[in-house]
Amino acid sequence: MIIHHPILGPRDAQEFVYLGDASLIDRPDGMTAGVEAFHDYLYQRTNPAGEHQELWYHEQGDRSWLVVTRNTVTHEITKVELARDVARARGRTK
Amino acid sequence: MTQSHRIAGGQIDRTKTLRFSFDGLPYQGHPGDTLASALLANGVRLMGRSFKYHRPRGPISAGSEEPNALVELRTGARQEPNTRATVAELFDGLEAKSQNRWPSLRFDAMGINDRLSTFFAAGFYYKTFMWPKSFWEKLYEPIIRRAAGLGSVTREEDPDAYDKGFLHCDLLVIGAGPAGLMAALTAGRAGKRVILADEDFRMGGRLNAETFTVGHATGADWAAATVAELATLPNVRLMTRTTVIGAFDHGIYGAVERVSDHLPTPAKGKPRQILWRIYTHRAILAGGATERPIAFENNDRPGIMLSGALRAYANRWGVKVGERVAVFTNNDDGLRTAKDLQAKGVDVVAVIDSRQAGELLPGIRHLQGAEVIDTTGRLGLKSITVRQANGRSEIIAVDALGLSGGWNPNVNIHSHHRSRPVYDAGITAFVPGRDGPPGLLVAGAAAGQMSTHAALKTGLDAAVAALELSIGPDLPEAEDAPIRITPLWHVAHGKGRAWIDQQNDVTDKDVKLAKQENFTSVEHLKRYTTLGMATDQGKTGNVIGLAIMAELTGRSIPETGTTIYRPPYTPVALGVLAGRSRGKEFRPYRLTPSHHWAREQGAVFVEVGNWLRTQWIPKPGETEWRQSVDREVLATRRSVGICDVTTLGKIDIQGTDAGAFLDRIYANTFSTLPVGKCRYGLMLREDGIVFDDGTTARMGEHEYVMTTTTANAVTVFRHLEFCRQCLWPEMDVQLISTTEAWAQFSVAGPNARKLLEKVVDQDISDAAFPYMAAGNITVCGGLRARLFRISFSGELAYEIAVPTRYGDALLREMLARGAEYDPIVYGTEALGVMRVEKGHVAGGELNGQSTALNMGLGRMVSKKKDSIGMVLSQREGLTDENGYRLVGVKPVDPNAKLTAGSHFLEKGAAPVAANDGGWLTSKVYSPHLGHDIALGYLKAGDKKIGQRMRIVNLLAGLDTEVEIISPHMFDPEGERLRG
Amino acid sequence: MASLQPLTAFGKREPVSVTHGPLTITERTDIALASVAVRKGRAADLAKAAEKAGAPLPGPSLHQQGSPCSAFWTTPEMWFVEAPFASHELIADLLKSALGDAASITEQTDAWVAFDLAAPDLAPLLERLCNVDYPSKPEGYATRTVMEHLGVYLIKHGPGAARIYGPRSSAESLLHAIETAAHSVW
């Protein structure tokens with residue numbers, strides 16, 4: 001597969017490490033959320049046959065974490081964003 | 001008899017003669033020959049035995065679709081089985097052997113299987129070898145294993161090298177026939193970066209096998225001229241002997257280039273083959289078409305082949321396959337063979353044309369409405385039986401028969417993303433369907449465009465469309481004849497067998513049996529009968545098989561459908577997939593800064609990840625590893641020892657939020673650590689399990705140096721980047737690995753400080769540099785260095801680091817200047833002994849299943865702050881009061897030997913899982929205590945200190961009584977390390 | 001400075017130099033290297049200080065020559081700065097005093113082994129080693145890539161001139177990979 005890195009352009013997926021669902025960005029606050037919330041955060045996945053937002057790490061590249069929107073059926077990639085930007089947009093910047 | 005069947009013409013170099021052997025007999029051929037064309041030129045039709053019934057077989061094709069003529073090439077370590085003689089390029093000295101026969105090709109004892117064919121029908125495995133059950137493993141399987149398969153593999157290591165490589169282009173053209181050449185020419189002249197790949201050693205495709213003209217030249221000459229022009233274009237890369245094996249996601253294609261297979265051995269340093277990964281925006285599949293036979297009784301005799309192959313052998317290789325030739329066809333292409341052969345002076349005794357009407361061939365006996373219904377000739381075709389239009393049968397003596405059942409477009413690569421081919425009744429074949437690989441266009445015969453004109457035109461059009469060009473080159477004139485086909489798949493006649501898939505010995509009867517047993521879907525048909533499996537992937541037989549199934553079930557062919565294809569297009573040697581990653585070059589290795597010194601000392605090295613670390617360094621007279629390790633441990637604890645610990649991961653963490661960041665990474669607190677101090681840190685995964693541990697030092701207000709375990713250096717760094725970018729992007733934190741930048745040595749033992757004082761320029765007395773101090777220093781008169789007062793061994797110990805290039809010199813300097821303390825250098829074994837003696841956790845305990853609580857470090861997890869894993873480490877199941885706890889273990893009998901992985905059992909308890917109390921994680925021999933000691937996880941272990949249990953290992957035959965003790969087995973008060 | 005004798009990544013006193021066919025591989029031990037990363041919100045401060053200090057901070061995928069320092073982009077908001085080892089052995093300290101607290105600076109000199117490759121055309125060699133479309137890249141292109149499992153930085157100084165930074169501990173493996181590919185090609 002080819003991932004169109006927002007900064008570096010097209011790069012082979014071989015350079016990346018896959019982590020999983022991009023909902024891992026939405027980590028609860030450990031001082032306020034309990035075990036249930038963390039359980040859901042860590043283990044509950046939708047696993048769609050279709051469009052999926054997932055985290056890829058450009059380990060053999062620029063070390064950016066990316067949020068890749070990929071169709072799990074066709075492997076078509078429709079969007080690639082820097083995870084940092086996604087995290088900020090989701091309000092992780094205080 | 002030398003080349004008895006060679007006739008005039010062809011693209012072979014008759015000025016040179018190549019000698020080769022087949023089954024030990026010598027033959028001659030010419031450059032440009034394949035093994036098959038050269039054998040046929042010598043009158044050899046019989047080249048192999050079939051898979052199941054051991055039927056004598058010859059080639060049916062002149063290309064990579066060949067199911068029959070599979071041979072073993074070469075001898076010794078380079079012996080390669082199942083090589084298609086039809087594509088094996090002849091070279092001087094080639095040695096080939098037939099396969100799947102004993103004692104000889106002409107007389108094969110296993111030919112008895114043919115007489116016993118009723119036992120070997122489709123599905124016979126599932127039925128015949130079921131009972132009694134116990135016979136399977138001892139009797140049936142060994143016999144089947146011996147009988148199954150075709151060639152035999154060498155037991156020697158492959159002496160050849162294989163490369164991998166990466167290519168990039170605007171347009172990849174797959175296949176260099178008329179469509180591919182025209183596409184490449186169009187794109188090449190437009191200045192685009194083009195790769196033109198063809199599996200053959202000569203570009204041109206069918207143009208080399210035909211007699212018609214393109215423009216004002218013969219097809220072969222036009223192809224040669226076009227290739228010559230393309231070769232002058234710097235933006236075009238021509239790759240012969242290169243098979244595109246698969247279409248992968250997003251415009252990535254795999255291709256295997258056979259660099260040296262046409263040579264006796266690869267030139268020195270050169271690879272045998274190269275696996276290319278080709279990256280392209282657009283690709284054109286111009287892979288041509290494969291002719292299919294017509295099935296009838298005994299249609300598999302040597303001498304019966306595809307009509308287009310007969311023509312190719314005559315036109316391209318100057319070979320007549322037989323003296324008396326007949327053609328059996330259902331379309332005009334078969335007539336072309338008859339005409340070409342006759343023009344070459346070959347005796348064409350009859351054309352059996354299943355069609356009722358049409359133009360009659362002049363000067364040839366052309367039987368319309370006729371069918372071939374049977375043949376004779378066990379080792380080679382002798383005669384055919386023809387049923388004429390009026391129903392009369394006639395036996396005609398022939399030694400070669402060409403079959404033309406129509407041509408199947410080579411849609412394979414277009415199917416690699418699961419696109420289903422669709423049936424085109426006009427050519428009675430499957431053509432590429434919708435939703436093929438994005439960016440892949442199909443041209444020429446592969447797209448069902450069967451005339452030369454259509455191939456050239458669609459090749460040009462595809463290139464124009466793919467690259468959005470405004471105009472292409474002028475199209476040369478070429479034939480544009482219709483094929484005029486009337487479907488005929490299978491001649492129904494008597495009780496004999498008609499072969500459909502010759503490689504797997506699948507007959508019409510097997511298809512009938514599959515239908516009878518309700519395996520009517522094409523996918524079931526394939527699995528039940530093995531139709532379309534193995535090296536040829538059913539290139540010649542598949543469509544006939546499913547057409548027969550369609551007939552039997554009363555469905556149309558489109559309703560019946562077709563199976564689809566997966567990579568690779570043709571068989572691929574495993575070696576080329578491995579590339580250079582073999583043996584010692586399987587992966588790169590990493591050397592420590594002390595490696596060259598250690599090698600001088602005769603050190604024994606151990607692989608730790610990619611690192612080669614010193615395991616121990618034997619001294620003269622030491623014959624057993626334990627002697628060296630015991631000595632290293634005792635010398636360290638007695639005076640001082642040095643160990644290279646460079647392999648531990650080091651990560652530089654800077655920024656105004658570095659301390660707060662570490663508080664969230666580690667279970668314990670780091671923001672309160674004073675500058676110039678270090679602290680042991682415990683890192684959890686989010687699920688509450690321990691991830692890694694190590695010592696992290698605060699080198700400045702906003703600057704920390706983290707150490708990780710050797711094994712987790714990469715994954716910890718990845719995790720830190722995840723936390724930094726995805727979880728807390730607001731933090732001011734910067735990360736960089738410095739593992740390799742510093743050579744770091746542990747200096748441990750009662751004389752550690754005294755030794756270091758010989759090299760360190762600053763005061764490092766206990767007052768100036770107390771336990772857990774860290775700082776920048778200089779050594780040997782001004783070289784920048786770092787010093788950390790930390791201990792893994794339980795001794796007074798430091799870790800000292802200098803820039804890597806000075807590591808070797810620092811080690812030598814410490815040994816020389818500190819000679820009076822008799823320092824030794826110890827390896828990973830002694831390191832392991834000392835850490836177990838101290839009860840420090842390492843790999844066996846950090847096993848990805850254990851919590852801080854399990855390790856006796858539960859109190860390190862701070863609940864006053866949020867950190868990764870803090871919440872889930874408190875979940876039910878991980879906080880069981882009677883869960884596993886780290887304990888020390890010593891045998892009651894000091895001579896008893898313990899084994900890591902052994903299990904705890906109460907005295908008298910049966911060794912069954914229900915009674916399992918836990919297991920030993922690490923075991924060493926302690927030279928101080930004089931017996932084995934171990935660490936282990938024991939249920940409620942903290943409450944069992946002082947008790948006696950058993951250690952049981954049924955595999956090792958171990959069952960011995962032990963005492964459960966504190967894991968801190970050496971200097972439990974820690975007096976030595978603060979000394 | 002100190003009395004300690006440095007060794008190369010190959011455990012030798014002198015850098016290695018290998019020639020095969022048109023290719024020359026030269027180990028470079030005379031380059032000092034440091035990473036420079038922007039502290040949060042300090043990009044403008046860093047740019048100003050870097051310009052004054054003669055250290056370029058090029059955009060993504062680029063290397064830029066400068067005096068006394070050259071630099072290439074490695075990751076978002078981070079660069080590797082190169083300088084002559086003889087004058088800049090203490091490159092981290094020198095950069096810290098020049099760039100102040102606008103950047104996080106870390107010495108990287110000995111984390112890497114550097115090779116200069118020279119041949120009339122390096123493309124046939126590099127296509128056997130890494131997934132970089134070398135001919136299509138401009139001079140001054142800098143990227144991280146993989147050669148025989150090793151993560152390296154590749155900098156294009158011309159069609160026939162490139163520098164590779166690879167992990168120092170694997171210097172032998174990396175050189176072996178380059179030499180093997182060279183023998184394959186030439």
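Lettering of chains follows the sequences in order, A, B, ..., and the numbering in each one begins at 1. Side-chain atoms are counted along with the backbone in the values below, which use heavy atoms only and exclude waters and symmetry mates.
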- Query: Are the side chains of C:R144 and A:E15 in touch, meaning some heavy atoms are under 4.5 Å apart?
  - Reply: no

Salt bridge flag under 4.0 Å for residues C:E77 and A:R84: yes

Interatomic distance, OG@C:S61 vs NE2@A:H5, rounded to 0.5 Å, equals 8.5 Å

Ordered numerically, the heavy-atom neighbours of chain A under 4.5 Å found in residues 64-76 of chain C are C:W73, C:T74, C:T75, C:P76

*CG (A:N47) with more than 12 external heavy atoms under 6.0 Å*: no

Note to self: Tell me whether C:E14 at atom CD has more than 12 heavy atoms from other residues, nucleotides or ligands lying less than 6.0 Å away.
What the structure shows: no

Can C:T145 and A:R11 be said to form a side chain to side chain donor-acceptor pair (under 3.5 Å), step by step?
CA-CA 10 Å; C:T145 183; A:R11 307 288 292 214; 5.6 Å; no

So, the part of A:Q14 with a heavy atom under 4.5 Å from chain C: the answer is neither

